[in-house]
There are 2 protein chains.
Amino acid sequence: MESAAARVTGSLRQRVLTGELKPGEPLSQSRVAAEYGVSRIPARDALQTLAAEGLVDLGAFTAVVRGTSIAELQELYELREAIEPLVTRIAVPNVGRAEVAMMTALLDEMVSHPSAIDWLGANARFHALIYTRADRTRMIELTTQLRRLTDRYLYLHVDIFGETGRLNLEHRRILEAVETGDPAEVAELTRLHIAASHDFLLRHLLREPAPRR
Amino acid sequence: MESAAARVTGSLRQRVLTGELKPGEPLSQSRVAAEYGVSRIPARDALQTLAAEGLVDLGAFTAVVRGTSIAELQELYELREAIEPLVTRIAVPNVGRAEVAMMTALLDEMVSHPSAIDWLGANARFHALIYTRADRTRMIELTTQLRRLTDRYLYLHVDIFGETGRLNLEHRRILEAVETGDPAEVAELTRLHIAASHDFLLRHLLREPAPRR
DNA sequence: ATATGGTAACCTGTATACAGATAGAGCCAT
DNA sequence: ATGGCTCTATCTGTATACAGGTTACCATAT
């Protein structure tokens, strides 16, 4: 069974990620509680969880949907570029046929032009299939969290579909290197893959009017 | 003013870190609440916070003080070795005389043989003085958290004082490189500093009977 | 027009109360 | 004696209630 708090957390997370709840929007415990038909306690739990994930700010007065900034984006990508290649290097020797098969399927799924949310989901699962085999619980948790936060920038500021071609190609290269079984090569491709997304986002953000609040 | 939840969180954190609360010890909301003379809600908040920090496990039935393992230690140090040199490289160009002066004072403090808890505190502040100047909120937060978790292993399993000589020397080298203003050099010295602590802990842990639960 | 003070609406932190879930002790059958 | 079952202690999740604190607005004074 799923607790009310978990349900609210999951729903709010989606709504913040997709931009339905906009940066700066206040999320009071009472209103969240009323909206989901629960009491304030699970609403409060959900907001605390999301705050720990970095999706909302827990101000003194009321919680607000966290804003975005180029400085934060920079920081998030610096972390991803440091950690994901590390996990990759550790994981690749343990990646077997089962994972390769599933990654191939996910690659097809991404090529078949799904919605943005589905594409990003498949993308996350693609990389997760490698990372899981590193057997590093905390690293994987951290990676998931960082990826969620950067994906938010994609949702909010960018139309992905100009780039899926390049991204699909990079994924194919990564998959090939996985099959070859060269950890350092996969790690380096992963780093480049992340750096490319960073550049891509940066180009779009610098073109936008002003960082939304 | 400090909320009841914050007070409980801080106190429990100390008690878990120093080993007064041992790995595996159950922490029920009710007992924590009773012990601190508060209601269950702030106790619950405190346990959630500590769970997010990785100091307790939030099982289905009751929260328990998180255990230690060589695998987790490995993972924590891998992360620290990846992130702290990165923050260092970014921060060093912004470190000024004020920081160097304070770091010198902290170094003296550490040389003067304080208690383990004070030594570790000064040590944390020493490195934090560099990191702060990187202006990377999330990285610093993450670094703080990782350091706390590894410090716990020092408290639980090791008597530091065999090693303070080496550690003080490494700190002095780091400080010198900071004064010279060579980011790459400070970053590398930091990485080695962390790796040395990892090795040190590992040697002691492998000598112990069994990983405590 | 601008500054000031008071008030109402809203929000959080915390306490208390209740229902459902879980673990462990003891009992029963084999 | 042992395996399984039931019962009770305890625990968590959630609802509701209350006591401050904060914000914003409006009326009033300058």
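Order of the sequence lines fixes the chain letters, A, B, ..., with proteins taken first and strands second; residue numbering starts at 1 for each chain.
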Exercise. For A/E78, does its backbone N or O pair with a side-chain atom of A/E81 as donor and acceptor, under 3.5 Å?
Worked result: no
Give me, pair by pair, the N or O atoms of the protein and of nucleotides 24-26 of chain D that are less than 3.5 Å apart, along with how far apart they are.
none

Problem set entry | Audit row: A/R147, A/N123, side-chain contact (heavy atoms from CB on, under 4.5 Å) steps and yes/no | CA-CA 10 Å; A/R147 174 177 293 275; A/N123 178 47; 3.2 Å; yes
Seminar exercise, completed: Relative to its sugar, using the 90° cut-off around 0, the base of C/dA25 is anti
For this session: Without swapping roles, check the side chain of B/R152 against the backbone of B/T68 for a donor-acceptor pair under 3.5 Å.
Result: no
For this session: Report the distance from atom CZ of B/R40 to atom C1' of C/dT16, rounded to the nearest whole Å.
Result: 10 Å
For this session: Measure from the side-chain N and O atoms of B/E75 to the backbone N and O of A/M139, and report whether any donor-acceptor pair falls under 3.5 Å.
Result: yes
Problem set entry | DNA chain C-proximal residues of residues 41-60 of chain B, any heavy atom under 4.0 Å | B/I41, B/P42
Exercise. Does a donor on one side chain and an acceptor on the other come within less than 3.5 Å for B/E141 and B/Q145?
Worked result: no
Problem set entry | Of A/V56, A/L27, A/V65, A/D45, the residue whose pairing with A/L50 passes side chain to side chain contact (heavy atoms under 4.5 Å, CB included) | A/V56
Exercise. Is the shortest side-chain N/O distance from B/S39 to OP1 or OP2 of C/dA15 below 4.0 Å?
Worked result: yes
Problem set entry | Check: A/E109 main-chain N/O paired with A/S112 side-chain donor or acceptor under 3.5 Å | yes
Exercise. Once you build an axis from the first five pairs and another from the last five of the helix from C/dA1-D/dT30 to C/dA21-D/dT10, how far apart in angle are they, to 10 degrees?
Worked result: 10°
Pairwise N/O distances under 3.5 Å, protein to nucleotides 8-11 of chain C:
residue : atom : partner : partner atom : Å
C/dC11  : O3'  : A/F61   : O            : 3.3

Problem set entry | Under the side-chain contact (heavy atoms from CB on, under 4.5 Å) test, residues paired with A/D108 that sit two or more places apart | none
Seminar exercise, completed: With sequence neighbours left out, the residues meeting side-chain contact (heavy atoms from CB on, under 4.5 Å) with B/S115 are B/I117, B/D118
For this session: Decide whether A/S11 and A/Y36 meet the rule of one side-chain donor and one side-chain acceptor closer than 3.5 Å.
Result: yes
For this session: Round to the nearest Å and state the distance from A/E2 atom CD to D/dT12 atom C1'.
Result: 17 Å
